[in-house]
Amino acid sequence: LRTNFLLDFFASFIKIIDMAVHVALRVAMLFLFGVGVSLLINLMQAQKNQVLITSEMWLGMVKSGMWVPPACGLSAVAIGLLYPTVDRLLGDPTVAQRTDWSSVIRCAALFVGLNQAAAKIDFMSHAQLSLCLAAMSLGLWFYFDGSRSGLGLALVIALLAAAVNQMMICLDAYRPSVDFVRVRAWLPCIFFSGSVTVGLAGRLLAAQANSATSSSAAKSHGD
Amino acid sequence: MSIKRQVSRLFYYHGILCARFPVYILAGVILIILFFWYPLLTLSIPSRSPYEFVIDKPNNLTGSSVSPTRPWLHRPAEAVILQLLVTVHVSKQASVDALRAALAGSFELHALVRDFQHGNASLSNLCFTVDEATALTPAERRQLPAYGCLLLSPASLWQQEAEMFNSDRNLLRTVYVSPLKEILFGMPWRHTGVSRFNVRSRDRVISYCVTAFLKNHDQEFVDSLVNRAAKLSWAKHLPTLESASLTPTHIYFKDNSFIVEYTPLLVLYSILFLYIYFSVRKIQMVKSKWGLAFGACFTVVASLLMSVGVCMYFGIAPSLNGSETFPYLVVLIGMENVLVITKSVVSTPVELEVRHRVAVGLSKEGWTITRSLVAEVSLLSLGLLSFNTSIQEFALFAVVGLCTDFFLQMFFFVTILAIDIKRMEPLPVAKQRTANLLQQQQQLKQQDQQQQKQQSIQQVPQDLAVTLGCDESIEDNNSDSKPATAQTASDSAEQLRKLHQFHHMHRRQPSDANTAAFLMHSLTAAATSAPAPAVPRRIRVLYYLASKRLALRLLLLVLCVWLLQASGLISAVSRQLHSSLTFSSNLSTTASSNPGSSGDLVEHPDYQRYWPEMAALHWPSLFGHYNRSLAGRYVTYLGAACYQSAAADRSAAIDEETVTEQPQQEQPWWFLLGRPAALHGTWGLAAICLFGVTFVLTSTYALMLCCQLCGLAWLFRLGSRAFDRPPPLRTVVPVVLPATSMDVDLVCISSLAPADCPATRRVEDRILAASSLDGSVSVWNLSGRRLAYFDRQLQHEGQCDCVTSDATVGPADGYGKLGDGADVGLGLRQRVSHATSLSPSQAASTDSDLAAATEAVPSNSGLNPASPTQTLSSSSIWCMSLITNDTDSRYLLVGCSDGHLELWDFTCTGSAKCRIQLSAEGLTHLTVQQSQLVAVAATATGMLHCVRLLLDADRIEPLSSCRASPLPLHSMLIWPDAGHGDLLATAGEDNLIRFFSIGELCKIRQPQQQLSNNGAVGAGAAAAAAAAAAAAGAASFCTVVSAHAAPVLALAAYPSRGVLSGGADGAVFQVSPADDRSSSGFRQKRLVWQRQPVLSVSVSSRHAVCGLANGQLLLLRLCTGAWRLLSCCQQQQQQPQQPLQPLLCTWSPPCLLPSNDAIVTSSSSGLNGLDVWCLARRRRLSRVRLATDWIRSDPVQPVCLLSQESMLLCKCGPCLLLVPECQLT
């Protein structure tokens, strides 16, 4: 009896550890993804002299400049965990089945391209810029995600992030760069497409973790 | 739905094509690729990636107010750039040498600027001096100034020598091959208005710049230079752009740090490689992974380069930074299609032929690929609507790249995939599979009895249900068999009975139109439900349009008009007309249209729009040519002074060929067809792109639709007209041959023995045999005398002479269990026979269980043999054949639903001579080669069993068995072919037609005999080896013809040479041996291609009739060795769901005219009779009512024409009818 109990306990313990490892892996990957993307975008904007982290802050690596990449990483983690949860709640887990790593990478590459377009290309007006970006990010969603829950979440996140951004400017938390209108114009679109990308990655990670745990559980069951 | 089918069918044939001629296609594709890569030779690649630059527009030029944000303004500018922009309007009459006319002025202007002096200052003092351009080839170096002022103009292409310019016969080539053309013209190429192809004659606007690089800014000098240039005889300085309006701009080329410049690029390329890695990793199950991965990458890269080439052919040079946009383009175009195609092709069954695998794989994914291509193209076309040149250019390249990528995928990748698959040998795989199958069977055999029975219960109906394509029955049987583990044997006997009913219910008829329709029901439900009465109006409109070929003609018309317009014919004619009509007012017209007044209308390129591109790309590279770097420096751009050439006079003066005729001022009405000069910008580009894409898509679809519809649309129209007036009704008295109380099922007729002389033959020699649904068989001769009638069940019980089994080994295990439930009153002899007939394989044992159970039941009521309908019938007859090689003994060979083959003698004894179990599944097709007395029976799962009939010994000797197809067969026939010996042709669900040589088919060693020799224990390996050998043998002597894109439903041999095959894809093929008799190849030729599945094909000496799923009939006529589609008629309008059995009769003996060709069908007008169709006139010749005293409600179905006796054989309910032919027409 005691050995059985111990074995059971051990098995469940291992299971919990297994799940925890998987979740930690997911979290770490998403975090790294967010940090990387934020640094990349910043670099691109630095070429244009329109930086979220203004150049002085960036060069000095002091004060408020440092918080942006970790914040991006954390939000990526949140979004990446939120997407599969919402999918499960709404009962539409089909997106994760359709995607694979190559399409996630494709989406990420196009997201980077979107940023580059926003940073490098001279548009005639801000309206044009934001219209183009909006169309492109919608196209991104349509091509890669295509689910209604994904659209809703991305919209909510984009609006929320833009609102937070606006609030921080109002509270004078950080100084916006020179061409503020431009930043405000493209920011929600970037947030939107970013959340689509991160959501896709998060879904795929969740699906893989699920299959891994289920297969390992089946294996232990079989043993 | 139908579009889907059509698209996938196109993909199917494309796959066949690619896999068939891989070498030619690869060679062609590579030629095309090289052709489109050719313009890349002239692509000027900037020496470095473009510099980031900052624009500053100071209020005053002194530079005193240096802002803290512009610290670089402290230093003097590296150079000051001034452009003199000349716009030349060339009339269309001078179109041949428009460029020559336009560029002639550049020499004069170049010299003027070079030698200009203002006060003390001359250009040579002020200008920016350079050394020799070192980083170029000598030819290019000659075009750039050396050791002097940096002054650029198109004249530099000819080293500023007018003689060289005049003697240059091919200006356009000189301009185009120069990589420096954009630097020398001073503007991006698309703004110059020079195009390589002069599509149509029109007025053109050509622009170029003379670019002067100065050391420092001297406003006075610049002003005087600009004004002096305006005083040139031909130049007209535009009043809107005075010299004062030249706004200087500082352009600072940033000296970016390495990290900032290259990190995004690095990240981008690492993402790209990740993407490629993750994509290519998915290529599996191929011979050479690396080869295909390379092929996939090559496809993408080559398509991008091709897209650049295509765009350059049309004069759009890429201005984006290639290294930056390349990863995005790759990612956007993607490798998904390639992977999908690979996966789909690889997942097709390996038994199929290679080209067939490729075709099936392609056709499965064809629709998705097309759909995603259209979606991507339309999404990217939206990008053309953005008002940004960079995005537009990107989208344009992406769209063109998508198209070229699609092309390469279809022609390049599919071909190398086919080659790769061809390298994998299919034979070992097949061997492996067979061996595995046999091993599994052995394992199953060793399991205990209960489990075996249960499994067999489950397996057989599943197999059968899969064969028949009906899913509900699977579920039913599964749900039934689940609780069977705990049930007693009586329950299992009950189940067996059900199973038998199931068998009986879903029996296969041999090569029957009904069967085919049943099989095809799920596939072509839409197709069969489409025809006449339920046709929606829009489809009818579509049919009508298609019948008129409106779209095709419209496209042709547009093309013709456009060609005429391009050739200038229309304009010439209209000018002629115009001059002749308005001769009086001609003077005033020419006066109003002189070039001076027209000059104001000409637009010039806006230098504000193009200079950033020059600054980003060309000026840094120009300085790079002189080994100077602009990084960290700035240049000042003064702007462009615009001039306009009064060109028409000048061009006329220079161009010796052209007449000095005035340009036509008013736009003609057809100007919309051509490309007006105003559409030259990005909007024009977008419009052209959109137009091109839509044009290609619509025209492709229209062509497809027309090709597929026009084949039948006109026939449809004419066929329906035949119903307008009913033909006369006539009454015919037939000879009635009553059979039994049940309906007649199968009819077979003895063929004429070759020794028989037609003159001495008697009617009595011809024998008819008919089986009815209750399993009884009646035999008549043609004089109407019944020769024999026997009920097979009675015979089974009493008179079975010998019962042999092909498998004598195996314990009598099944019988004892079964006996608990169903052991009532079986004779001892039959018990023994059933016990011994149990096959060692589990499937066979099931079947003999089945046979025992079902034959046990009639023995309950065996006291009343006169009413066979009361008893549960034994295994029903699925096929039969008469053997008539000898006039004395007449034999009937019967294939049953339980896999038994029975030989009956009906002349003297009327008893079953022999009964042999050939297979576990029912025998669906049976053919007998009369001369050698060899019979071939096919099972529902595609096995062929070959037996020899030993008539003297009353025995059937099983010769061999092999698998003809992994899927069920639909048709089988023996094709007497003198060259090769008799051939057996089979057509099946797997889309293939196979030809077997009967002689070799008999020679295959039979695995069962080895099995019996070796004994039961060690038989597994031997059986596996034998089966593998049989499979290998089958592959070697079988010739496979893959013609159809869908299951082949009907086969018919025509006597001269060849086989006609009709498929569910609506095609009819003629398959005949290749002319080269030494090879065993077959030639296939498509005779008909339409949309309806072809359910039956019947052939006579000169005609063939194909019955379609919607009830239409197609008549083909053999004239001079080739089949021609003669006509088509709508046979039955009332019941489109019910496919008909059109059976051909040619009424015409050779003396009759072809106009008497006729077909007899069941009556289409609800009358209980026959319709006679004259197919040459596409109408019914007559309607025939059959007058008998017992007439019933059963429809009369024609079976065949007995041409020698001039009788038509029909079946109607339980009777056979013989109708004299002369009474029909």
Side-chain angles (χ1 to χ4, degrees), chain A residues 33 36-51 55 58-59 98-125 127-144 146 178 197 204, chain B residues 50 52 54-55 69 254 256-257 259-282 320-321 324-325 327-336 339 372 375-376 378-380 382-383 385-395 609 612-613 616:
Chain A
F33 185 78
V37 164
S38 73
L39 286 179
L40 192 67
I41 293 175
N42 195 51
L43 214 57
M44 283 178 178
Q45 298 292 331
Q47 283 182 322
K48 190 90 182 178
N49 241 356
Q50 298 160 344
V51 279
S55 60
W58 177 246
L59 291 173
R98 281 192 276 119
T99 53
D100 49 358
W101 279 114
S102 62
S103 80
V104 169
I105 289 170
R106 213 174 162 196
C107 182
L110 289 184
F111 172 59
V112 171
L114 211 67
N115 281 300
Q116 198 163 14
K120 281 205 161 176
I121 296 173
D122 284 309
F123 284 90
M124 276 190 248
S125 65
Q128 196 197 357
L129 168 73
S130 43
L131 255 178
C132 272
L133 279 183
M136 283 198 262
S137 43
L138 267 180
L140 199 73
W141 166 81
F142 174 77
Y143 197 79
F144 288 102
V178 193
T197 310
L204 194 63
Chain B
E52 296 303 316
V54 177
I55 305 152
T69 54
K254 284 207 288 188
N256 274 335
S257 72
I259 296 177
V260 172
E261 192 175 346
Y262 286 107
T263 310
L265 221 57
L266 270 177
V267 171
L268 213 57
Y269 273 91
S270 52
I271 287 180
L272 177 69
F273 280 114
L274 265 182
Y275 170 65
I276 290 177
Y277 168 73
F278 273 112
S279 306
V280 163
R281 207 177 54 162
K282 286 190 273 186
L320 293 174
N321 182 8
E324 266 180 15
T325 47
Y328 295 126
L329 282 172
V330 169
V331 164
L332 203 64
I333 286 174
M335 307 168 90
E336 263 65 26
L339 304 176
S372 67
E376 279 173 3
S378 38
L379 271 182
L380 283 173
L382 286 183
L385 293 181
S386 71
F387 299 90
N388 191 291
T389 44
S390 314
I391 294 179
Q392 277 171 340
E393 191 183 329
F394 181 82
R609 277 173 61 198
E613 195 178 322

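These values consider heavy atoms only, across backbone and side chains, with no hydrogens, waters or symmetry-generated copies. Here is the naming used below: chain letters follow the sequence lines, and residue numbers restart at 1 for every chain. All figures in this text were calculated on a predicted structure; none of them were measured in a lab.
- In this structure, no portion of B:Leu272 lies under 4.5 Å from any heavy atom of chain A.
- If you take CD1 on B:Ile333 and CZ on A:Arg106, they are separated by 9.5 Å, rounding to the nearest 0.5 Å.
- For the pair B:Glu336 and A:Ser102, the minimum side-chain heavy-atom distance is below 4.5 Å.
- Contacts of A:Ser38 classified as side chain to side chain donor-acceptor pair (under 3.5 Å), with partners at least two apart in sequence or in another chain: none.
- Note on B:Phe278, B:Tyr277, B:Phe394: by heavy-atom pairs under 4.5 Å with chain A, the leading option is B:Phe278.
- Under the side chain to side chain donor-acceptor pair (under 3.5 Å) criterion, B:Glu376 pairs with A:Tyr143, sequence neighbours left out.
- Closest approach of B:Ile271 and A:Ile105 over heavy atoms only: O-CG2, 3.5 Å.
- If you take CG on B:Leu268 and CD on A:Gln116, they are separated by 6.0 Å, rounding to the nearest 0.5 Å.
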Stepwise side-chain contact (heavy atoms from CB on, under 4.5 Å) test for B:Leu379 and A:Phe142: CA-CA 10 Å; B:Leu379 271 182; A:Phe142 174 77; 4.1 Å; yes

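- Heavy atoms from other residues, nucleotides or ligands lying under 6.0 Å from OH of B:Tyr269 number more than 12.
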